[in-house]
Every structure is written in structure tokens, then in C-alpha cells.
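Keep in mind that what you see is a predicted model, and the values were worked out from it rather than measured. Values reported hereafter were calculated over all heavy atoms of this structure, with side chains retained and with hydrogens, waters and symmetry mates removed.
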Amino acid sequence: MSVLLELSIFPVDSGESLSAFVAPVVDMLAASGHPYQLTAMGTLVETDDIEQATALIAQAHRLLEQAGCQ
């Protein structure tokens with residue numbers, strides 16, 4: 001069974017220009033090998049199972065933490 005995930009993740013404590021924080025998350029999704037599509041309100045990602053989907057969410061959070069976001 002596949003999982004369709006809609007992800008919208010960005011720091012709320014880092015000012016108005018967020019592209020420097022969001023771009024590494026998009027790069028991580030692209031490198032994951034999972035099909036994804038950027039939309040106006042978030043990113044759609046298709047994974048094989050829920051574990052892969054939650055792992056991508058956790059990885060996105062780690063990337064923002066490493067960038068100094070709260």
C-alpha cells in the first residue's frame with residue numbers, strides 16, 4: 001500500500017525570507033527517490049509505506065534544527 005503525504009514545513013522564528021531553510025528540505029526530498037510535487041501550499045510525496053513517510057518528516061525537522069530553527 002502506498003502513502004500520499006502532503007508536507008508543509010518551514011520555520012516560524014526565522015524572519016520573512018524562508019527559501020534558505022526550505023530549499024534543503026526540498027533537496028532532501030528529491031534525493032530520497034520518492035516521487036514528489038511542489039504545490040502552492042506544500043509538497044506532495046508518495047512513499048511505499050507509513051514508515052518511509054514519517055522518516056521523511058523526521059528528516060525534514062532535523063534539517064531545520066541543524067539550521068538553527070526552533
Exercise. Going hydrophobic residue to hydrophobic residue with side-chain gaps under 4.5 angstrom, can you get from V26 over to M28?
Worked result: yes

Exercise. Side chain to side chain contact (heavy atoms under 4.5 Å, CB included) with D48: which residues, sequence neighbours excluded?
Worked result: Q52

Return all side-chain donor-acceptor pairs below 3.5 angstrom for residues 56-63, not counting sequence neighbours, or 'none' if the list is empty.
none

Only distances under 3.5 Å count here; give the side-chain donor-acceptor pairs of residues 31-41 to other protein atoms, sequence neighbours excluded, each with its distance to 0.1 Å.
| from | atom 1 | to | atom 2 | distance (Å) |
| --- | --- | --- | --- | --- |
| S32 | OG | L29 | O | 2.6 |
| S32 | OG | H34 | N | 3.2 |
| T39 | OG1 | M41 | N | 3.4 |
| T39 | OG1 | G42 | N | 3.1 |
| T39 | OG1 | G42 | O | 2.8 |

Exercise. Given a cutoff of under 4.5 Å between side-chain heavy atoms of I, L, V, M, F, W and Y, with clusters grown through shared members, what are the other residues clustered with I50?
Worked result: V3

